[in-house]
Amino acid sequence: MNRMLTKRIFFTISSIMLLVLFIFQLSGMMRKRFNSYDINSYADNQGVKLTKNDVFVPALSENEVLTSEKDYIVYIGDISDEAVGNTVYNWCSYTKKNVVSYKNINDYRIYSKHFPSAILIDSEYIDTTRDISNISTLSDYGIDIVFCTLPKYEDIKKSEWLQEILGIGELVSPSANITGFEIYKGFLSGGAVAYNPKTDEEKKFADYDTQIPWYITSSGTKTYMSALVDTTEYGDIKKENVPSIIWRKSCDNSYIFCISGDYMKDISGIGLLSAVESQMDDINIYPVVNAEMAVISDFPPFAFENEAEIYEAYARDTSSLFRNVIWPDISNLSDNTGYKLSMLFTAQLNYSDEIQPSVREAEYFFRLFNEKKFEAGLSTTRNDSTDIGTKLKKDKEFYKGALGSYKFLSILCKKSELDNTLNEIKNSDTDIQTVVLDNNDYDSRKLFAYATDNILTINSVLDGAKFSYMNDFKKRCLRTALLYTTIEVDMSDIISVDDNDILWNKKSKEISKAMGTYSEGGKYINKCSVTETDLQIRKFLSLNYSWKHEDNTVTINIDGNRTDSAFMAVFHNKEITNADGADVTMLEEDRYLIKSDKDRIVLTLSDKK
């Protein structure tokens, strides 16, 4: 048999190889040719621009609240200043309820024609020897009561009447050592979960208070969240005798809810209030943002300012590290979690040296951003004393030369630099409409707010570079209240190479753990860029609505002919069999996402099978 390579065979093989090479080269050329990397595709989908003037603001005056048909909350505490009051006010604003507040419960007079949805109490503002009878009377009227904080352990111990009202059967200790805590099924979004570290690695995630008062609830109560204790210290404890953290006492005509600890002093406490409200009745409906935003901050810069340090740490140059090591991991992170990443970065870190950012590097990464549908934004991060105005001016000049017409709509800054950043935005020709606040400056009192009439600030709530149990708890709270989270992965320590213990191979594993865990259970929530999140928030803040339940029908009316709103619906004994004017998705047992396509939604219900 002739095994020699004939000219015909050689020609055929060569032709095939050349064809494969041509196709490969052509696909690369086509991707490059039609990659509009210099255009921010999110800038063209803004719709009608909503501003601060469109925001729903709860009525606060007693006369306006009591004469309105809108649901309202009575708050005993300081609604305008302290942390718990801030959480209560924001929750009322988000759920579109009015609120009237009193610093003394005896100043509240029941208006029998229009009872409040509930009375929320900060125990700092009640006298446990004088106000208990008043609280008992309000409960007898059928008004649900929520203790956002509990009275001091010593005060509860002195009063058997107060113990009875709170549903406390036994006081064990004013300060018990706990190893973790557990949330029971049906309370917060995401189902049951126990934060109970066993290994040394898991103990690194424990960032919660490890000492709490030990209350054992009495009969007629239902516990939603409890602590876990070390059996080597306390012995075997029956489940019903572990320290309770959140529970409900059933009274003749109402419920009394108790929240032990400082959970309501953080803005994520709005999730606890939404969860509690959903336990008051068989049906609860409230609006949500329906957006999850993930930001990669300070990557990649385009000036190679730490070449020697980078090479010493990674045995490769900066460009190779960014392109061939870090970027593939970030790209895979998006694929594995579903997050639509927004890249908020600085063109360079030092503006006083001679090293300038690379146009070639900028073009390379912007092509990748566009292929992955990532949005690019600015950052005020810098390592020298250059003022924000000068930095932004130099960045603008660089991007104009490198990218031409790309519209930057967002910028990342520290909370301490917010005023200066807003002033520079105001006094310059810029398209910026969103300021993302650095997670290192996490503001426990805010999620988002208008900083000016047109510019929205968004707080980075979760640390995407490091998983922790309290971050995961906050995620569950915010999803319960708003179907919303914001995450920031801070890359500044990788870029600066200030600490050889913080290298990418280690940090990438921590990021993967954090982002992977935070993404769990969020399949049906919109994954948004910063600009998309901004739009969702603006629509949410401006929303006003009403709903009613008659027989097996729930009707939701949305003000202003709005047809693009989202709601959470909780049904304990019913299920949705038909929906007119909305798309309905079951998120988990009893919990539904309702996305409107009309300004009137009619849900048909049936008894749960």
Side-chain angles (χ1 to χ4, degrees), residues 121 123 132 135-136 139 144-198 206 208-264 271-273 275-280 282 469-470 473 476-477 480 572-573 588-590:
I121 298 174
S123 292
I132 305 306
I135 293 172
S136 180
S139 174
D144 295 323
I145 296 172
V146 182
F147 281 84
C148 298
T149 60
L150 291 185
K152 295 178 181 178
Y153 182 92
E154 296 78 11
D155 293 335
I156 297 175
K157 190 173 183 179
K158 293 175 185 176
S159 173
E160 291 185 4
W161 192 6
L162 180 57
Q163 293 171 38
E164 181 182 348
I165 286 176
L166 297 176
I168 295 175
E170 183 179 350
L171 290 86
V172 178
S173 171
S175 182
N177 296 319
I178 69 170
T179 59
F181 61 98
E182 184 175 7
I183 304 166
Y184 300 123
K185 182 181 178 181
F187 187 60
L188 290 179
S189 177
V193 65
Y195 299 113
N196 190 27
K198 300 293 186 183
Y208 43 77
D209 291 336
T210 56
Q211 291 188 324
I212 65 168
W214 190 334
Y215 302 115
I216 298 176
T217 55
S218 61
S219 60
T221 60
K222 180 178 182 179
T223 300
Y224 300 104
M225 182 168 148
S226 63
L228 301 168
V229 296
D230 189 347
T231 55
T232 60
E233 180 177 357
Y234 295 106
D236 292 329
I237 306 294
K238 292 182 178 180
K239 194 174 185 69
E240 61 268 24
N241 291 333
V242 297
S244 294
I245 299 175
I246 301 176
W247 67 91
R248 181 186 75 186
K249 166 71 181 299
S250 295
C251 303
D252 291 338
N253 302 312
S254 65
Y255 294 123
I256 294 178
F257 294 84
C258 299
I259 302 174
S260 178
D262 293 334
Y263 296 97
M264 288 296 296
L272 300 181
L273 290 179
V276 162
E277 184 184 40
S278 296
Q279 297 296 320
M280 293 177 181
D282 287 339
Y469 290 138
M470 284 307 296
F473 175 73
R476 291 170 182 268
C477 286
T480 301
H572 292 298
N573 300 307
E588 56 193 79
E589 186 178 358
D590 296 343

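- Taken from CD1 in I245 to CD1 in I178, the straight-line distance is 5.5 Å, to the nearest 0.5 Å.
- Atom CD1 of I216 is separated from atom NZ of K238 by 11.0 Å, given to the nearest 0.5 angstrom.
- Put simply, the side chain of T223 does not reach to within 4.5 Å of the side chain of E240, judged on heavy atoms.
- Counting only distance, with no hydrogens or angles, the side chain of T179 and the backbone of N196 share no donor-acceptor pair below 3.5 Å.
- Within 6.0 Å of CG in D230 there are more than 12 heavy atoms belonging to other residues, nucleotides or ligands.
- Put simply, the side chain of Y215 reaches to within 4.5 Å of the side chain of L171, judged on heavy atoms.
- To the nearest 0.5 angstrom, M264 atom CE is 3.5 Å from L273 atom CG.
- Scanning for ring pair (Phe, Tyr, Trp, His ring centres under 6.0 Å) contacts around Y263 gives F473, with sequence neighbours left out.
- Nearest heavy atom pair, residue T149 against residue G261, reads CG2-O, 4.3 Å.
- Put simply, the side chain of S254 never gets that close to the backbone of C251: no donor and acceptor are under 3.5 Å apart.
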- Task: Would you sort out whether I165 and I145 count as a side-chain contact (heavy atoms from CB on, under 4.5 Å), showing the intermediate values?
- Result: CA-CA 10 Å; I165 286 176; I145 296 172; over 6 Å; no
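- Within the 4.5 Å cutoff, no side-chain heavy atoms of Y234 are placed close to those of V172.
- The backbone N or O of E170 sits nowhere less than 3.5 Å from a side-chain atom of W214 that would complete a donor-acceptor pair.
- Nearest heavy atom pair, residue S260 against residue S244, reads CB-O, 4.3 Å.
- Side-chain atoms of T210 do not come within 3.5 Å of backbone N or O of N177 as any donor-acceptor pair.
- Between Y208 and Y195, the distance from one ring center to the other does not fall under 6.0 angstrom.
- Interatomic distance, I256 CD1 to S139 OG, rounded to the nearest 0.5 Å: 4.0 Å.
- One finds the CH2 atom of W247 at 4.5 Å from the CD1 atom of I168 (value rounded to the nearest 0.5 Å).
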Only pairs under 3.5 Å count here: list side-chain donor-acceptor contacts from residues 151-161, not counting sequence neighbours, and write none if there are none.
| unit_1 | atom_1 | unit_2 | atom_2 | d |
| --- | --- | --- | --- | --- |
| Y153 | OH | S173 | N | 3.1 |
| S159 | OG | L162 | N | 3.0 |

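- Looking only at distances, no side-chain donor or acceptor of S136 sits under 3.5 Å from a matching main-chain atom of I132.
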Would you be so kind as to tabulate the donor-acceptor pairs closer than 3.5 Å made by side chains of residues 182-194, with sequence neighbours excluded?
| unit_1 | atom_1 | unit_2 | atom_2 | d |
| --- | --- | --- | --- | --- |
| E182 | OE1 | K239 | NZ | 3.3 |
| Y184 | OH | S226 | OG | 2.5 |
| K185 | NZ | E589 | OE1 | 3.2 |

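- For T217 (side chain) and G167 (main-chain N/O), no donor-acceptor pair under 3.5 Å exists by modelled atom type.
- Of the inter-residue distances, the one linking Q279 atom CD with H572 atom NE2 reads 4.5 Å to the nearest 0.5 angstrom.
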